[in-house]
Amino acid sequence: MAEITYREALRQALIEEMERDENVFLIGEDIGRYQGSFRVTQNLIKQFGSKRVVDTPISEPGFVGIAMGAALQGLRPVVEMMTMSFSILAFDQIINHVAKIHYMSGGQFKVPMVIRGPGGSAHQLSAQHSHSVEGWYAHVPGLKVVAPSTPEDAYGMLKTAIRDDNPVIFTENPNLYGLKGEAPTGDDFTIPFGKAAIRRFGEDVSLIAYSRMAHVCAEAAAELEKEGISAEVIDVRSLMPLDSETLFESVKKTHRAVVVYEDWKFGGFGAEIAAKIQESCFDDLDAPVLRVGGLNVPMPYSRKLELLCVPNNNDVVEKVKSLF
Amino acid sequence: MKKEAVEPTEAGTESPAELVRLFREMLRIRVFEDQSIKAFRAGLAGGYLHVYSGQEAVAVGWLSCIRNDDPVITAYRDHGHALYLGCDPVAVMAEIMGRTGGLSRGKGGSMHLYSAAHRFYGGWGIVGGHTGIGVGLAFGTKYKGGDQVTHLFMGDGAVNAGILYEAMNMASLWDLPVVFIVENNQYAMGTRVEYHSADPELHNRAAGFRMEHERIDGMDVLRVRRDAKRIIEHVRKTQRPYFVEIMSYRFEGHGAADVEQTLYRSPEEIEQAKKRDPILLLEKHMLEHDVINKDELEKIRKEIQEEMEEVYKKAAALPHPEPEEVYRDVYTDIEPEKGH
């Protein structure tokens, strides 16, 4: 296996799926001639042409609706949101239309489309470009929602997303694009949804996260180990469908759980995980399920304040230590 | 004795048989709607019920000129389109009643009729929200190299929704074969067009997108057909979008719950509009041209009345969905988590 970046893994998955199926096309703002604001679609317009790499006006509701109509015609659009924060503009299309048509039509229509892009905070993008959207979308029946943390997952899960007959929200943390890792490319490797990855085995506490927070938890686990606490790190990867079984098995073993997520702590997806563990593993728990989430404030611009808002390994370590 | 061919009056060169067929189709929609109102009043239909009475010439006139592989999409006042396209009226009524056997398995209701078999893409409840999807249907056609034309219907209330402008821009920018059809029944719920649109000539909105546009009469089914044929042929040939505003009138309230129409329009105004009732206009045309006589008309009325009463009875006799149905079709492959 070759070592590639998360960004390159995504690009490679797009290329292979576009080569495999001519119904797959890309649509979004500045993904063609400009080469993509995060360069995930770099050079793709040269390879596939403007028919299959479609530059749109700045019209999120419009091009999400158009992609959906194309999907109803049997195409498999991959919509790039320049940032997932802009998907909020298309909330009506995604929630009222894309997510519901299969149900409302009694199963007559399906919408095989992917909406992907960077979600979460990065380097001082400030309040309107830093949203973690995954919890909002995971709340909506009819949408699948995934948030891969490694190049391998980015590659394998994007291929799965494109082949899925359901609409998939695919969020990429902008801090991860440059992350290197081993990933199979050039073959038919895919990663199924609904299967969490155990990134590290441990005995004393389960750290449950996804996307960039999975890395933060891995760092925290390494530090905890020095203090004699053995942490298991579970990377949820797929929020909907959610692999509850792996979470529950881990908690039954460790008897403690801390859920870590970058989204606003109040009402974020981590609350759902915490509630699920409490509902299903109450007798196995030696301590309450705790959460480490983003501060409940709009993302500030100042680097110092921004870093304060997003959970880091120290926040996780401190929270874990409070359980013992 | 019938004449072999009918002289065109204002429009149309339809054969006598075709005129009778158009008459029957419009009347079927009208009588179906009377039955749907009956179902609502009887408590057999819930939610919102937006009936099509008064606008029959639009759906029948326009859709009688499309090709059967052309996609059609509309908003929530969708019964007429579904019926004309050939959906089983029992399935449509069953959907309105939320029953098993409904067009959308009882999941959509009156506002969300869909029939993949008839290339009928609904049936949408967010005003203007479906316009992007309609343009996407045309995008799909172009991508696949087909020559279908998408017929994208909306009400006049939709013309002030932002997504319509995004959709119109991309439709024109990318040369997509779609007709934006505004059924201007003159009221967005209870707000008359003059109170909601800075330019009440709604078709003018298309000018800024370099799109051909015009306003046509929607009460005379033959005129609708004359214009629809020309426009659809033009769009199929040019592969360019077109914007048409069809002037119509809604005889009933906005929805079944709209019981105080006098708050926003006068009974006199409704009576005046009913003088151009599309069904009566065609009836008059057929009588004047000896296409049909009063006895034959009466026979058709009776037949359709009986047919639709039967539709009502059959739909009402269908069972309600089983509880397990609630989890079905959320996803194509997985089930949602069960229980409360």
Side-chain angles (χ1 to χ4, degrees), chain A residues 22-23 25 27 50-52 54-75 77 89-90 92-93 95-113 140-144 164-168 193-194 240-242 244 276, chain B residues 71 73 95 102-109 111-117 121-126 129-144 146 148 150 152 161-171 173-174 176 178 325 328-337:
Chain A
E22 65 178 20
N23 288 322
F25 72 98
I27 181 168
S50 59
K51 179 187 171 187
R52 298 185 70 195
V54 181
D55 277 325
T56 66
I58 298 170
S59 304
E60 283 80 5
F63 66 72
V64 169
I66 287 172
M68 173 178 171
L72 293 175
Q73 286 273 45
L75 304 185
L89 285 136
D92 167 62
Q93 291 297 304
I95 293 169
N96 265 320
H97 299 81
V98 170
K100 292 177 183 167
I101 181 60
H102 189 63
Y103 195 77
M104 289 200 302
S105 69
Q108 291 183 77
F109 294 117
K110 54 188 184 184
V111 184
M113 71 189 270
V140 182
L143 300 176
K144 293 186 180 179
D164 202 296
D165 276 344
N166 298 281
V168 179
F193 294 165
M240 178 63 233
L242 180 69
S244 302
K276 275 202 154 46
Chain B
I73 184 168
E95 189 57 39
L103 203 61
S104 308
R105 303 179 71 91
K107 303 279 190 54
M111 298 193 289
H112 304 296
L113 302 173
Y114 305 94
S115 176
Y121 293 88
W124 295 90
I126 305 292
H130 67 297
T131 54
I133 301 166
V135 171
L137 294 168
F139 181 98
T141 294
K142 182 173 180 176
Y143 189 98
K144 295 201 283 192
Q148 295 86 2
T150 294
L152 165 50
I163 187 173
L164 173 63
Y165 298 90
E166 302 190 6
M168 284 164 72
N169 181 47
M170 284 181 268
L173 183 68
W174 297 338
L176 301 179
V178 53
E325 180 66 26
R328 185 168 162 168
D329 297 326
V330 177
Y331 298 92
T332 63
D333 52 353
I334 56 172
E335 284 197 339
E337 197 170 279

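Reminder, nothing fancy here: chain letters follow the sequence lines and each chain counts from 1. Because only heavy atoms are used, hydrogens play no part in the values below, and waters and symmetry mates are left out as well, while side chains stay in.
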Would you indicate whether B/Lys142, at its atom NZ, is surrounded by more than 12 heavy atoms from other residues, nucleotides or ligands within a distance under 6.0 Å? yes

Are B/Glu337 and A/Leu242 packed together at the side-chain level, in the sense that at least one heavy-atom pair is separated by less than 4.5 angstrom? no

Taking every heavy-atom pair that is under 4.5 Å apart, which of B/Leu103, B/Ile126, B/Ile334 has the most such pairs with chain A? B/Ile126

Among the options B/Lys107, B/Arg328, B/Met111, pick out the one with the most heavy-atom pairs lying under 4.5 Å from chain A. B/Lys107

Student check: side-chain heavy atoms of A/Val64 and B/Glu166 closer than 4.5 Å: no

Between A/Ser244 and chain B, which part of the residue has a heavy atom less than 4.5 Å away: side chain, backbone, both or neither? neither

Sole candidate of A/Asp165, A/Asn166, A/Asp164 that passes side chain to side chain donor-acceptor pair (under 3.5 Å) when paired with B/Thr332: A/Asn166

At their closest point, which heavy atom of A/Ser59 faces which heavy atom of B/Met170, and how far apart are they? CB-CE, 3.6 Å

Determine whether A/Val54 and B/Phe139 make a side-chain contact, defined as any pair of heavy atoms from C-beta on separated by less than 4.5 Å. yes

Can you see which heavy atom on B/Leu137 is nearest to which on A/Gln73, and at what distance? O-NE2, 2.8 Å

B/Trp174 and A/Thr56 have their tightest heavy-atom pair at CH2-CG2, 3.9 Å

Ignoring hydrogens, what is the shortest heavy-atom contact between A/Pro57 and B/Asn169? Give both atom names and the distance. CG-ND2, 3.5 Å

Which atoms of A/Leu89 come close to chain B, meaning under 4.5 Å heavy atom to heavy atom: side chain ones, backbone ones, both, or neither? neither

Among B/Gly140, B/Gly129, B/Gly108, which has the most heavy-atom pairs under 4.5 Å with chain A? B/Gly129

Looking at chain A, which one of B/Thr131, B/Ile73, B/Thr141 has the largest number of heavy-atom pairs inside 4.5 Å, strictly under? B/Thr141

Could you measure the distance from the NE2 atom of A/His97 to the CH2 atom of B/Trp124? Nearest 0.5 Å is fine. 5.5 Å

Report the distance from atom NE2 of B/His130 to atom CD of A/Gln93, rounding to the nearest 0.5 Å. 10.5 Å

Residue pair A/Lys51 / B/Tyr143, side-chain heavy-atom distance below 4.5 Å: yes

By a 4.5 Å heavy-atom criterion (distance strictly below it), what part of A/Lys100 contacts chain B: side chain, backbone, both, or neither? neither

If I take atom CG from residue B/Leu113 and atom OG from residue A/Ser105, how far apart are they, to the nearest 0.5 angstrom? 11.5 Å

Does any part of the side chain of A/Tyr103, heavy atoms only, come nearer than 4.5 Å to the side chain of B/His112, both counted from C-beta? no

Side chain from CB out, backbone as N, CA, C, O: work out which of these in A/Leu72 comes under 4.5 Å of a heavy atom of chain B, or both, or neither. both

Side-chain H-bond candidate by donor/acceptor type, A/Gln108 with B/Ser104, under 3.5 Å: no

Measure B/Lys144 against the heavy atoms of chain A and call it side chain, backbone, both or neither at under 4.5 Å. side chain

Side chain, backbone, both or neither: which part of A/Phe63 has a non-hydrogen atom closer than 4.5 Å to chain B? both

